[in-house]
Amino acid sequence: MKKSELQLLLIVFGVLILLASWQFVYKSNQAKTQELNTQNAELQTTVDRLEILNAKMPEYVAGIEQMRAGGDLIIDSFASGVRIEDQVMYLYNMELVDSNDVRVPSINLQPAQVVPYAGTLTTEEGYELQDDGIGMYKLETTVGVTTTNNGLKNVLNYIYGMDSRKSVSGVTLTTDTDGYLTGNMNLDFFYLTGTDDSYVEQNISGVSTGTTNIFGVLNGSAVQSQSEGGQDQEAGEAEDDGTDAESAE
């Protein structure tokens with residue numbers, strides 16, 4: 001082999017080595033460098049965001065405390081439990097308010113139903129919020145009422161003015177022949193479970209038991225007069241029945 005051919009062959013080998021080095025070393029390092037630059041840019045974006053969040057941390061903490069206080073107020077506005085005696089006593093006390101001018105001759109109590117949560121526990125940033133385990137329940141109650149026009153307004157104000165959550169989902173009333181409003185009112189009782197509040201039992205010492213008229217009647221109201229008229233009529237009929245019985249003997 002001539003010297004010139006040998007030199008040419010060495011040059012070709014040198015070019016091949018350079019191409020291989022560029023392909024497998026330089027190009028690979030360039031790809032890794034680009035990847036590192038991309039990662040550094042993403043990390044820098046995260047650092048910038050965290051610095052902004054850190055600067056606003058006192059504001060966020062104050063907002064969280066405000067939301068927590070508001071949540072506590074909402075929880076406090078719900079009862080920690082509603083039982084049959086709670087519903088009965090509430091309607092009984094509603095009758096005792098003279099301005100309500102209402103009589104409750106009948107009630108129909110339904111079992112408690114779970115109120116499903118319709119919100120989401122995921123924030124816009126993708127963070128998953130923790131479920132605190134609080135559940136809401138609703139008890140649907142159909143209340144038979146006899147009242148006046150002003151009495152109905154006062155009863156609605158009375159219901160929505162109480163501390164524990166209640167809602168009137170519907171009212172069906174007609175004007176009776178004596179001029180009173182008679183019909184049904186759908187009243188919903190709400191309560192929460194999973195809170196720190198404990199259930200407080202009702203004091204029913206003032207309610208007579210063993211009677212079909214557990215609600216009684218109002219004193220000095222139009223509805224009371226109607227009820228008293230019915231009682232006087234029943235008493236008269238009872239006396240007549242007694243007299244007839246004695247005569248028959």
Side-chain angles (χ1 to χ4, degrees), residues 68-119 131-148 150-173 180-221 223-224 226-227:
R68 182 175 297 153
D72 291 339
L73 289 177
I74 294 176
I75 291 176
D76 292 340
S77 65
F78 283 85
S80 58
V82 176
R83 300 178 181 176
I84 294 178
E85 53 265 36
D86 298 305
Q87 298 170 277
V88 171
M89 286 301 299
Y90 180 81
L91 298 174
Y92 173 77
N93 292 327
M94 185 174 70
E95 279 195 327
L96 294 181
V97 179
D98 289 340
S99 61
N100 287 344
D101 195 12
V102 63
R103 183 165 59 91
V104 180
S106 64
I107 58 174
N108 182 11
L109 308 177
Q110 298 296 323
Q113 304 176 18
V114 177
V115 179
Y117 179 68
D131 186 359
D132 52 11
I134 295 179
M136 180 185 297
Y137 289 81
K138 176 180 70 173
L139 293 94
E140 297 180 353
T141 306
T142 303
V143 183
V145 295
T146 299
T147 184
T148 61
N150 289 332
L152 176 61
K153 298 176 182 178
N154 294 334
V155 165
L156 293 177
N157 290 330
Y158 177 85
I159 293 173
Y160 286 104
M162 299 298 289
D163 293 336
S164 56
R165 293 288 182 175
K166 298 171 184 64
S167 175
V168 177
S169 58
V171 177
T172 304
L173 297 174
Y180 295 107
L181 297 176
T182 303
N184 295 321
M185 177 173 59
N186 298 326
L187 178 60
D188 298 330
F189 292 79
F190 295 90
Y191 69 92
L192 297 179
T193 59
T195 66
D196 296 332
D197 298 332
S198 57
Y199 173 77
V200 179
E201 294 184 357
Q202 285 283 339
N203 180 12
I204 60 174
S205 58
V207 179
S208 300
T209 58
T211 175
T212 58
N213 186 22
I214 61 175
F215 293 102
V217 291
L218 291 173
N219 295 322
S221 69
V223 178
Q224 165 71 17
Q226 180 195 24
S227 179

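Heavy-atom basis, side chains included; hydrogens, waters and symmetry copies ignored.
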S.K.: Where do Ser80 and Asp197 come nearest, in terms of heavy atoms and distance?
M.R.: CB-O, 3.7 Å
S.K.: Just how far is it from atom OG1 of Thr141 to atom NZ of Lys166, taken to the nearest 0.5 Å?
M.R.: 10.5 Å
S.K.: Could you state the interatomic distance from CG (Asp188) to OG1 (Thr142), rounded to the nearest 0.5 Å?
M.R.: 9.0 Å
S.K.: Could you tell me the separation between the OG1 atom of Thr146 and the CG atom of Leu181, rounded to the nearest 0.5 Å?
M.R.: 9.0 Å
S.K.: Taking side-chain contact (heavy atoms from CB on, under 4.5 Å) as the criterion, tell me which of Ile134, Val115, Ile74 meets it with Leu192.
M.R.: Ile134
S.K.: Are side-chain heavy atoms of Leu139 and Gln87 found at a separation under 4.5 Å?
M.R.: yes
S.K.: Looking only at heavy atoms, which two atoms of Val171 and Val168 are closest? And how far apart?
M.R.: CG2-CG1, 3.6 Å
S.K.: Got Val97 and Asn154 here, is their nearest side-chain heavy-atom distance under 4.5 Å?
M.R.: no
S.K.: Quick one: closest heavy-atom pair of Ala112 and Tyr137, and the distance?
M.R.: CB-CD2, 4.3 Å
S.K.: Apply ring pair (Phe, Tyr, Trp, His ring centres under 6.0 Å) to the pair Tyr191 and Tyr199, showing each step before the final yes or no.
M.R.: CA-CA 10 Å; Tyr191 69 92; Tyr199 173 77; 8.9 Å; no
S.K.: How long is the straight-line distance from CD1 of Ile107 back to CE of Met185, given to the nearest 0.5 Å?
M.R.: 11.5 Å
S.K.: Please round to the nearest 0.5 Å and tell me the distance separating atom OH of Tyr90 and atom CG of Asp86.
M.R.: 12.0 Å
S.K.: Is there a side-chain contact between Glu85 and Glu201 in this structure, where contact means two heavy atoms from C-beta onward sitting under 4.5 Å apart?
M.R.: no
S.K.: Write down the atom of Met94, the atom of Ile159, and the distance for their closest heavy-atom approach.
M.R.: SD-CG1, 4.3 Å
S.K.: So, for Phe190 and Ser167, which heavy atoms are closest and what is the spacing to 0.1 Å?
M.R.: CE1-CB, 3.8 Å
S.K.: Excluding sequence neighbours, so at least two apart, what forms ring pair (Phe, Tyr, Trp, His ring centres under 6.0 Å) with Phe78?
M.R.: none
S.K.: Write down the atom of Gly144, the atom of Asn184, and the distance for their closest heavy-atom approach.
M.R.: CA-OD1, 3.6 Å
S.K.: Could you check whether any side-chain N or O of Thr147 sits under 3.5 Å from a backbone N or O of Asp101, counting only pairs where one atom can act as donor and the other as acceptor?
M.R.: yes
S.K.: Once rounded to the nearest 0.5 Å, what's the spacing between atom CG of Asp76 and atom OG of Ser164?
M.R.: 12.0 Å
S.K.: Around atom CG of Leu109, are there more than 12 heavy atoms of other residues, nucleotides or ligands at under 6.0 Å?
M.R.: yes
